[in-house]
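Quick notes on the structure that follows.
Everything numeric in this text was worked out from a predicted model, so none of it was measured.
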Amino acid sequence: MSLSQNLDSLYLQYKKSVNLKDKTNALINYGDELLHYDIDSSLACGKAALWNANRLKDSLLIADANLFMGFCLQAKGNYKATLQHFLISTDIYKKKKDKVKLSKCYTAMGVVYWYQGFYDKAIDYYKKNITLSLELNDKHGLAASYGNIAIIFDEKRDLDNALGYYTKALQIFKEDKDLAQTAACLDNMSLIFKQKKDYNTAFDYNIQGYKLRENIHDTIGMLASMENLGSIFIALKKYEDAISISEKVLAIALRLGAREDVKYAYINLKEAYEAKKDYASANSILNKLMEVKDSLRNIENANQIAELETKFKTKEKETELSEIKLIQRLQAKENTEKLKRKNYFIIILSLIGAFILALAFILLKRYKEKQHVAEEFSAKNKAIEIQKTIIDKAYLELSEKNNDITDSIKYAKRIQEAIFPSPAHFSNLLPQSFVFFKPKDIVSGDFYWVEKGTDDVVFVAVVDCTGHGVPGAFMSIVGFNLLNNAIHEHKCDNPADILHQVNEGLTETLKQTFEESAVKDGMEISLCKWDKTKNELTFAGANTIIYHISDHKIHIIKGNKHPIGSFYGEQLKPFQNTEITIKPNDCVYLFSDGYADQFGGDKGKKYKYKQLEEFLLANADKPVHQQQAALAEEFEKWKGSLEQIDDVCVIGIKF
């Protein structure tokens, strides 16, 4: 199964889940797969899962969500937040005696300490995992710890021990057919052989690992293999190949926000340029590398990690304090060296500046007036070129950011479309009906909803959330879930009760109170219940109306004058039902305010509800698909060249 197929399968599992706990577990699985190539989207899944878990007050689910959040933040290089989530998970798994998950936590925490340079602390956690893995007969966990300990021996330059532990880990991963871990092990072993100056073997192991990662579409793992291959190219004196592959790594890592990979790409580029004696390029890369290193590992970050460990592990307080002192000494030394370098550069630049000033003074005295004017003109042209370069670069960066934002919103549209009712589902429940849906932006604050009730009962609604675009889309997903919960979890059976339950759910979700109700975060809803057996239509509205056309006359059915999210005194305002007698060939229309509020026509005025009533009455005898086409044509004709001002949603039902 390809990565996209696996993602689609996991997303379909999330969509089909009705129970919130099942949905949250499915969301974690989906996000875990997504982490291989889109860190930011995976992190968004983690935040949603953690929010759901806390809402359910399910401790094991909270631990799972925190563990997943830790992996996402680790990929982003935010180690303080990473460790905080891992510690929360560890504490819960200990209390629940879940040794399998606890083993996973120990390994993850060891990796974080390794990234931060706490090698002894990292080994302590790996050994804890080895003990648990032997108890559980977990070969995979045992192999992971072997591999992690090998990495530390590698960094300590104990190459034989490192190779021995890697060999143990590789044997287990191959037996379990774990392609991802096998690839990682091969990649790490290639670096050991590189240090042993066995470059051909190093190259072979690296290529084996890269091909395995490519087969399983592991983008993050492929980056690691490419970084290691860049260092091997440098050792083989293939500097152009090293620069080429490192620039590819840098581009992908910057797009993904993977700061560790950005750091290693800069390291390879710096070494390659130095080897080529291109010191100007090497110095430029060095400045960028120092900025990345400072952001990944600094005194404040190390102290914060130590403080977190103190909060959750009081028994290890003495060890942690010694670690803090060690980091402070190392950082103080590093800061002193930085200051020396800075002072050295200031002295050199001052001497250069003095020399340039002296030379300029001599030239200005000797040059003729015409040559002086020519120099000034040349300097102005150069300044203009520099400004142009800066502007062009800023424009390119802005364009790239705009494309990234647009791509994210388009992905959000795909999620929104997948959540809302499909045309097939809508027509299956209401065969003689149409939906005219036209968002103002890529995603919409308006949405429509249809759900089957008991027996021959169908519920249908048009909802207009506060705002449009991304804010409205967030509200639409909240509203959609609240409507489903009202029917399936709270067993509401009539529109007024459903609206009241949605009102309570929105207030709880947005943490609104009577004093804060002026914020106006809410939605307007037209909700109908159609009982086919009794031939009855029941309507309740939150600051909306619907149209009922019968015997060539249009009747305006009004709901309550307050939206979802309104209070009456210190209580939420109630809603009332309206019973409507339906005859054959009658039509009922539900709609948001976007159609009537659209500016257009010869004078650029609003379309208004009166004109909408007349248009619907004139077309009510037509088949529903012709009514939909007529509405769409009328809207575009009225709008003309003017901008659409709001989301538009109209539902028509013929009985």
Query - side-chain contact (heavy atoms from CB on, under 4.5 Å) assessment of Leu35 paired with Leu43 - result: CA-CA 8 Å; Leu35 183 59; Leu43 184 59; over 6 Å; no
Report task. For the pair Ile220 and Ile39, evaluate side-chain contact (heavy atoms from CB on, under 4.5 Å) and give the outcome as yes or no after the intermediate values. Result -> CA-CA 9 Å; Ile220 302 299; Ile39 299 171; 4.0 Å; yes
Query raised in the report: Do Leu10 and Gln13 pass the side-chain contact (heavy atoms from CB on, under 4.5 Å) test, and can you show the C-alpha distance, the side-chain angles, and the key distance before you say yes or no?
Result: CA-CA 5 Å; Leu10 289 169; Gln13 182 180 352; 4.0 Å; yes
Requested in this report: Mind running ring pair (Phe, Tyr, Trp, His ring centres under 6.0 Å) on Phe153 and Tyr165 for me, showing each step along the way?
Outcome: CA-CA 9 Å; Phe153 277 123; Tyr165 275 102; 5.6 Å; yes
**Report entry** Verdict with supporting geometry, Ile151 and Tyr166, side-chain contact (heavy atoms from CB on, under 4.5 Å)
**Finding:** CA-CA 8 Å; Ile151 291 172; Tyr166 278 137; 3.0 Å; yes
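Under the side-chain contact (heavy atoms from CB on, under 4.5 Å) criterion, Lys211 pairs with Ile207, not counting sequence neighbours. Residues passing the side-chain contact (heavy atoms from CB on, under 4.5 Å) test with Ile123, sequence neighbours excluded: Lys127, Ile152, Lys156. Under the side-chain contact (heavy atoms from CB on, under 4.5 Å) criterion, Leu483 pairs with Phe447, Trp449, Val463, Ile498, Val502, sequence neighbours left out.
In terms of modelled atom types and a separation under 3.5 Å, the side chain of Asp154 and the main chain of Ala150 share no donor-acceptor contact. With hydrogens and angles disregarded, a donor-acceptor distance shorter than 3.5 Å links the side chain of Lys23 to the backbone of Tyr14. Using modelled atom types, one side-chain atom of Ser89 and one backbone atom of Leu67 make a donor-acceptor pair closer than 3.5 Å. Of the possible donor and acceptor atoms, one in the side chain of Asn148 sits under 3.5 Å from a partner among the backbone N and O of Ala144.
Salt bridge status for Asp176 with Lys139: absent, with no side-chain N to carboxylate O gap under 4.0 Å. A salt bridge is defined here as a Lys NZ or Arg NE, NH1 or NH2 lying under 4.0 Å from an Asp or Glu carboxylate O, and Lys128 with Asp124 fails to meet this definition. Using a cut-off of 4.0 Å between Lys/Arg side-chain N and Asp/Glu carboxylate O, Asp40 and Arg255 are scored as not salt-bridged.
The distance from atom CE of Met290 to atom OH of Tyr266, rounded to the nearest 0.5 Å, is 13.5 Å. The line from OH of Tyr210 to CG of Asn215 is 10.5 Å long, rounded to the nearest 0.5 Å. Considering NZ of Lys238 and CD1 of Ile243, their distance stands at 14.5 Å, rounded to 0.5 Å. Rounding to the nearest 0.5 Å gives a distance of 9.0 Å between CD1 of Ile267 and CD of Glu227. Rounding to the nearest 0.5 Å gives a distance of 14.0 Å between OH of Tyr115 and CG of Leu83. If you take CG on Leu20 and NE2 on His488, they are separated by 13.5 Å, rounding to the nearest 0.5 Å.
In this structure, Met69 and Lys47 approach most closely via the heavy-atom pair SD-N, 3.5 Å. Closest approach of Arg213 and Ala224 over heavy atoms only: NH1-CB, 3.8 Å. A pairwise comparison of heavy atoms in Leu34 and Cys45 identifies CD2-SG, 4.3 Å as the closest pair. Between Ser133 and Ser103, the shortest heavy-atom distance links the atoms OG-OG, 3.8 Å. Annotation for Ile234 and Ala272: closest pair CD1-N, 4.0 Å, computed over non-hydrogen atoms. Scanning both residues, Lys270 and Leu286, for their nearest heavy atoms gives CD-CD1, 3.7 Å.
For Tyr113 and Tyr125, the ring centers sit closer than 6.0 Å to each other. Between Tyr273 and Tyr279, the ring center distance fails the sub-6.0 Å criterion. Checked against the 6.0 Å centroid criterion, the rings of Phe71 and Phe86 qualify as a close aromatic pair. Between Tyr106 and Tyr126, the ring center distance fails the sub-6.0 Å criterion.
Proximity of Glu214 to Met222: side-chain heavy atoms (C-beta onward) are separated by under 4.5 Å at one or more points. Taking the side chain as every heavy atom from C-beta outward, Tyr146 and Thr167 never approach each other to under 4.5 Å. When side chains are defined from C-beta on, Trp114 counts as touching Glu155, because their heavy atoms get closer than 4.5 Å. The shortest distance between side-chain heavy atoms of Cys105 and Tyr93 falls below 4.5 Å. Taking the side chain as every heavy atom from C-beta outward, Lys168 and Ile172 never approach each other to under 4.5 Å. Side-chain contact between Glu260 and Gln74 is absent, with no heavy atoms from C-beta onward closer than 4.5 Å. The shortest distance between side-chain heavy atoms of Gln195 and Arg157 falls below 4.5 Å. At least one side-chain heavy atom of Phe480 sits under 4.5 Å from a side-chain heavy atom of Asn484.
Side-chain N/O atoms of Asn129 and Thr107 include a donor and acceptor closer than 3.5 Å. For the residue pair Ser231 and Asn268, no side-chain donor N or O sits within less than 3.5 Å of a side-chain acceptor on the partner. With no hydrogens or angles considered, no side-chain donor-acceptor pair links Asp64 and Asn25 at under 3.5 Å. With no hydrogens or angles considered, a side-chain donor-acceptor pair links Asp187 and Asn228 at under 3.5 Å. Gln181 and His140 form no side-chain donor-acceptor contact under 3.5 Å, judged by distance and modelled atom types alone.
Taking the ring axis of Phe193 as reference, the NZ or CZ atom of Lys196 does not stay both within 45° of it and closer than 6.0 Å to the ring centre.
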